[in-house]
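Quick note on labels: first sequence line is chain A, next is B, and so on, each numbered from 1. The structure presented is a predicted model; accordingly, all values stated were derived computationally and were not measured.
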Number of protein chains: 2
Amino acid sequence: MQQKNPLLKGSLITIILKLLSENDKMYGYEITRIVQELSQGSLKLTEGALYPSLHKLEADGLLEVSIENIGNRSRKYYSLTKKGKKESVEKLKELNQFFTQMQQVLNLKLSV
Amino acid sequence: MQQKNPLLKGSLITIILKLLSENDKMYGYEITRIVQELSQGSLKLTEGALYPSLHKLEADGLLEVSIENIGNRSRKYYSLTKKGKKESVEKLKELNQFFTQMQQVLNLKLSV
DNA sequence: CAAATATACATAAGAATCTTAGGTATTGAA
DNA sequence: TTCAATACCTAAGATTCTTATGTATATTTG
């Protein structure tokens, strides 16, 4: 079955960590907006994917939460812990390597 | 739980189609070898992932099979159907777009 | 002002894709 | 003759995502 929206292909965690390494704190809804904006609408980060991932990263000690109230509405701001900063660098390195490897596999003409 | 081996991240189908678009016919075991070789051993295409994917592509009419016997051992050679050739181009385009989008999201410095 | 859209969080079912762990059998090398 | 390589295969379970909900507040628009 074909998927209609482009996949994140296992890169969601890396995206979150990277964005948070460039911004002191961000909240979930904000992250979905920024990803859509930066990809000109082609990457749809669904909330059903994002929120569970944020909770997992928090449970793993990579993110910490602070709640802010805007009027009657509340935001959960996430920021990187020390461990999260380390992991952010690690994950970005891995993803870069993956892209490099994929390009090697996909671009090279094979002689039969 | 961390994964030890790099993921294929949903790109396996694309890899198969691309390799077959450059080689008239290939068999499963051969594909696992070539992917390892081209990625200098960093991408491990497990057989548990590959064979079911080949069967799916065949069932979807993108690949066709011809069996060759080498002594007492038999190989199942796969090659692209017409539909498979079309899809191969399509999938490669998609993956390239994905890489481009990811780079936009991951490289850009955000101003807060 | 009412209705629709945007903001902001969340979960749960199911699909898709992969790893891990087996299994069978032949061939070649040590 | 035993081990590694070749060559196929499947099944259980994990992970990651989509799709579909649900709740509630705030803002825009007709």
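- What separates CZ of A:Phe98 from C1' of C:dC18 is a distance of 12 Å, to the nearest Å.
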Close N/O contacts between protein and nucleotides 9-11 of chain C (under 3.5 Å):
from	atom 1	to	atom 2	distance (Å)
C:dC9	OP1	A:Lys76	N	3.0
C:dC9	OP2	A:Gly28	N	3.3
C:dC9	OP2	A:Tyr29	N	2.5
C:dC9	OP2	A:Tyr51	OH	3.0
C:dC9	O5'	A:Tyr51	OH	3.4
C:dC9	N4	A:Glu47	OE1	2.8
C:dA10	OP1	A:His55	NE2	3.3
C:dA10	OP1	A:Lys76	NZ	2.7
C:dA10	OP2	A:His55	NE2	3.1
C:dT11	OP2	A:His55	ND1	3.3

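- A salt bridge does not link A:Arg33 with A:Glu37: every distance from a Lys NZ or Arg NE/NH1/NH2 to an Asp or Glu carboxylate oxygen is 4.0 Å or more.
- Judged as a ring-ring contact (aromatic ring centres under 6.0 Å, His included), and not counting sequence neighbours, the contacts of A:Tyr27 are A:Tyr77.
- Legend: residues meeting side-chain contact (heavy atoms from CB on, under 4.5 Å) with A:Val89, ordered by chain and number and at least two apart, are absent.
- In this structure, the CD1 atom of B:Ile67 is 16 Å from the P atom of C:dT26, given to the nearest Å.
- Residues forming a side-chain contact (heavy atoms from CB on, under 4.5 Å) with A:Lys93 (at least two apart in sequence, or on another chain): A:Glu90, A:Gln97.
- The side-chain contact (heavy atoms from CB on, under 4.5 Å) test applied to B:Lys83 returns B:Leu62, B:Thr81, not counting sequence neighbours.
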Can you tabulate the close N/O pairs, meaning under 3.5 Å, that link protein atoms to atoms of nucleotides 23-25 of chain D?
from	atom 1	to	atom 2	distance (Å)
D:dT25	O2	A:Arg73	NH1	2.5

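- Considering NZ of B:Lys91 and CD1 of B:Ile16, their distance stands at 11.0 Å, rounded to 0.5 Å.
- Rounded to whole Å, atom P of C:dT17 lies 17 Å from atom CG of A:Leu12.
- Listed by chain and residue number, A:Lys25 satisfy the salt bridge (charged side-chain N to carboxylate O under 4.0 Å, His left out) test with A:Glu68 (two or more places apart in sequence, or in another chain).
- Residues passing the ring-ring contact (aromatic ring centres under 6.0 Å, His included) test with A:Tyr29: none are found, sequence neighbours excluded.
- Atom CZ in A:Arg33 sits about 10 Å away from atom P in C:dA8, given to the nearest Å.
- Here the C1' atom of nucleotide D:dT15 and the NZ atom of A:Lys56 are 9 Å apart, to the nearest Å.
- In this structure, A:Leu45 atom CG and D:dT19 atom P are separated by 13 Å, rounded to whole Å.
- Taking the side-chain contact (heavy atoms from CB on, under 4.5 Å) definition, one finds that A:Ser74 meets it with A:Ile67, A:Asn69, sequence neighbours left out.
- One can place CG of B:Leu50 at 15 Å from P of D:dT6, the figure rounded to the nearest angstrom.
- Here the C1' atom of nucleotide C:dC18 and the CG atom of B:Leu43 are 13 Å apart, to the nearest Å.
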